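This one's a predicted model, so the numbers in the text were calculated from it and none came from an experiment.
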Amino acid sequence: YKRQRELLNLVQREEYLNNLLDLSEYELAAYYTINPLDKRIIFERRTDRARIGYAVQLCLLRYPGFVPSNPKDIPLEIIEFIGEQIDVSPNEFLRFLERPTSLREHRQEIKERFQFTSYSKQYDIKLLQHLEKSAEENQSTLNMLTLLINYLRDKKIIVPAFSYLETIIWQAKFESDQMAQQKLLSLIPSDQIEAINALLELRNQSNLSNLGWLKIPTKQASANTFKLIDEKIMYLNQFSYVAEQLPISILKQKEYYR
């Protein structure tokens with residue numbers, strides 16, 4: 001059930017993470033410059049590996065708002081930039097990763113001292129509300145994922161797994177579709193709704209629905225073929241109602257047209 005609501009595959013998630021951490025020199029300086037207070041706290045660690053492990057986690061929790069589940073996915077450029085500021089070799093970070101307990105302990109301390117909040121289900125509703133307009137405009141999954149990450153980072157809430165955020169996006173899209181369809185249905189007269197429902201009924205005691213019959217392609221030109229085409233045109237004439245303006249976004253209209 002959970003996987004049915006995941007919108008990206010593993011390769012797409014990895015590519016998105018790589019793009020998120022592929023920073024220019026300006027972005028490195030903007031996101032990962034360590035201030036004097038940070039340094040004072042970082043240098044409370046006794047060893048170089050602990051210092052760089054603490055510093056890298058602190059910087060990543062600020063941007064992009066989480067530490068990758070596999071810290072080895074962190075680009076070397078980021079570790080080097082942070083390490084230069086505290087005069088620690090990036091190789092010490094690999095030594096730090098050999099002790100998963102330190103990784104967890106440091107992260108917990110960072111959360112407490114720098115007032116980060118772990119994600120919990122209580123934030124689901126707020127994220128859905130934040131996505132409401134984007135879902136109505138039928139924005140892409142990646143755009144909506146970025147919106148969620150930016151929102152959580154601004155609130156200093158640690159970003160959960162992408163797959164979890166995808167379930168939020170799926171729900172927002174689903175609710176938006178339900179609302180859009182209700183808006184469209186409100187424009188359609190009852191006789192047209194009955195005609196649409198009749199498309200799914202079997203035609204003349206055959207195994208084909210009316211919709212299936214309409215979709216049968218014509219073949220060679222013959223009197224019977226033209227007679228069949230004429231019958232289909234007569235059948236389609238009952239669908240005469242077309243709204244001049246639709247109360248849903250242009251992108252969603254295009255999706256439904258497709």
query = Hey, mind stepping through Asp38 and Arg113 against salt bridge (charged side-chain N to carboxylate O under 4.0 Å, His left out) and telling me if it holds?
reply = CA-CA 11 Å; Asp38 295 339; Arg113 295 189 72 165; over 6 Å; no

Donor-acceptor pair, [X] side chain versus [Y] backbone, under 3.5 Å?
X: Thr117; Y: Ile157; value: no
X: Thr33; Y: Ala29; value: yes
X: Glu136; Y: Lys173; value: no
X: Thr218; Y: Thr225; value: no
X: Asn19; Y: Glu15; value: yes
X: Gln238; Y: Tyr235; value: yes

request  = Tell me, please, which residues at least two apart from Leu246 pass side chain to side chain contact (heavy atoms under 4.5 Å, CB included).
outcome  =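 Checked Leu246 against side chain to side chain contact (heavy atoms under 4.5 Å, CB included); matches are Leu184, Leu187, Ala243, Ile248, Gln253, Tyr257.
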
Check: [Y] and [X] side chains under 4.5 Å, non-hydrogen atoms:
X: Ser118; Y: Lys111; result: yes
X: Asn207; Y: Leu202; result: no
X: Ile110; Y: Ile41; result: no
X: Leu228; Y: Trp213; result: yes
X: Leu208; Y: Ile216; result: yes
X: Arg51; Y: Phe43; result: yes
X: Lys254; Y: Arg258; result: yes
X: Leu152; Y: Ile158; result: no

task = Pick out which of Ile169, Ile168, Leu147 makes a side chain to side chain contact (heavy atoms under 4.5 Å, CB included) with Leu127.
result =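 Among the candidates, only Ile168 passes.
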
inquiry  = Among Gln129, Gln122, Lys121, which residue satisfies the side chain to side chain contact (heavy atoms under 4.5 Å, CB included) criterion with Ile125?
reply    =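 Testing Ile125 for a side chain to side chain contact (heavy atoms under 4.5 Å, CB included) against Gln129, Gln122, Lys121 leaves exactly one candidate, Gln129.
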
I need the minimum non-hydrogen distance between [X] and [Y], along with the two atoms involved.
X: Leu103; Y: Gln57; value: O-NE2, 3.2 Å
X: Leu145; Y: Tyr16; value: CD2-CE2, 3.6 Å
X: Asp22; Y: Glu27; value: O-OE1, 4.1 Å
X: Ser163; Y: Glu6; value: CB-OE2, 3.7 Å
X: Pro64; Y: Val159; value: O-CG2, 4.2 Å
X: Leu214; Y: Lys232; value: O-NZ, 3.2 Å

Same hydrophobic cluster for [X] and [Y], using side-chain heavy-atom links shorter than 4.5 Å among ILVMFWY?
X: Tyr256; Y: Leu251; value: no
X: Leu37; Y: Val56; value: yes
X: Leu128; Y: Met179; value: no
X: Ile42; Y: Phe114; value: yes
X: Leu236; Y: Phe226; value: no

Starting at [atom1] of [X], measure out to [atom2] of [Y] and round the result to the nearest 0.5 Å.
X: Glu14; Y: Leu8; atom1: CD; atom2: CG; answer: 11.5 Å
X: Leu199; Y: Asn210; atom1: CG; atom2: CG; answer: 6.5 Å
X: Arg40; Y: Asn35; atom1: CZ; atom2: CG; answer: 10.5 Å
X: Ser89; Y: Glu84; atom1: OG; atom2: CD; answer: 10.5 Å
X: Lys133; Y: Ser249; atom1: NZ; atom2: OG; answer: 11.5 Å
X: His106; Y: Thr101; atom1: NE2; atom2: OG1; answer: 10.5 Å

Would you list the atom pairs, donor with acceptor, under 3.5 Å between side chains in residues 68-82 and any protein atom, with sequence neighbours excluded?
residue	atom	partner	partner atom	Å
Asn70	OD1	Lys72	N	3.2

ask   = Under the side-chain contact (heavy atoms from CB on, under 4.5 Å) criterion, do Gln108 and Glu112 qualify, and how do the steps go?
value = CA-CA 6 Å; Gln108 183 60 36; Glu112 294 172 359; 3.0 Å; yes

request  = Might you work through the side-chain contact (heavy atoms from CB on, under 4.5 Å) test for Thr47 and Glu92, ending with a clear yes or no?
outcome  = CA-CA 9 Å; Thr47 63; Glu92 293 294 328; over 6 Å; no

ask   = Counting heavy atoms not belonging to Glu132, are there more than 12 under 6.0 Å from its CD?
value =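 Open.
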
task = Mark yes when over 12 heavy atoms from residues, nucleotides or ligands other than Asp87 sit less than 6.0 Å from its CG; otherwise mark no.
result =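 No, not enclosed.
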
message = Does Leu165 form a side-chain contact (heavy atoms from CB on, under 4.5 Å) with Ile149? I'd like the steps, not just the answer.
response = CA-CA 9 Å; Leu165 294 182; Ile149 291 174; 4.1 Å; yes

ask   = Any chance the rings of Phe66 and Phe162 have centres within less than 6.0 Å?
value =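 Aromatic pair counts; centres sit under 6.0 Å.
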
query = Does Tyr54 have its ring centroid less than 6.0 Å away from the ring centroid of Phe96?
reply =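 No, the ring centres sit 6.0 Å or more apart.
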
Short N-O contact, [X] and [Y], less than 4.0 angstrom:
X: Arg95; Y: Asp48; result: no
X: Lys227; Y: Asp230; result: no
X: Arg13; Y: Glu166; result: yes

request  = Scan for side chain to side chain donor-acceptor pair (under 3.5 Å) pairs involving residues 147-158, sequence neighbours excluded, and state none if there are none.
outcome  =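 Qualifying pairs, neighbours excluded: Asn150-Arg153.
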
ask   = Hey, mind stepping through Arg45 and Glu109 against salt bridge (charged side-chain N to carboxylate O under 4.0 Å, His left out) and telling me if it holds?
value = CA-CA 12 Å; Arg45 315 304 115 192; Glu109 182 183 331; 2.9 Å; yes

message = Test side-chain hydrogen bond (donor to acceptor under 3.5 Å, both in side chains) on Gln182 and Gln178; report intermediate values, then the result.
response = CA-CA 6 Å; Gln182 289 300 319; Gln178 295 294 301; 5.5 Å; no

task = Assign the ring pair Tyr164 / Tyr119 to parallel, tilted or perpendicular, where the plane angle (0 to 90°) is split at 30° and 60°.
result =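 Taking Tyr119 first and then Tyr164, their aromatic rings stand perpendicular (interplane angle over 60°).
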
task = Check the pair Ser176, Lys252 against side-chain contact (heavy atoms from CB on, under 4.5 Å), reporting the backbone distance first and the verdict last.
result = CA-CA 10 Å; Ser176 174; Lys252 195 168 285 294; 3.5 Å; yes

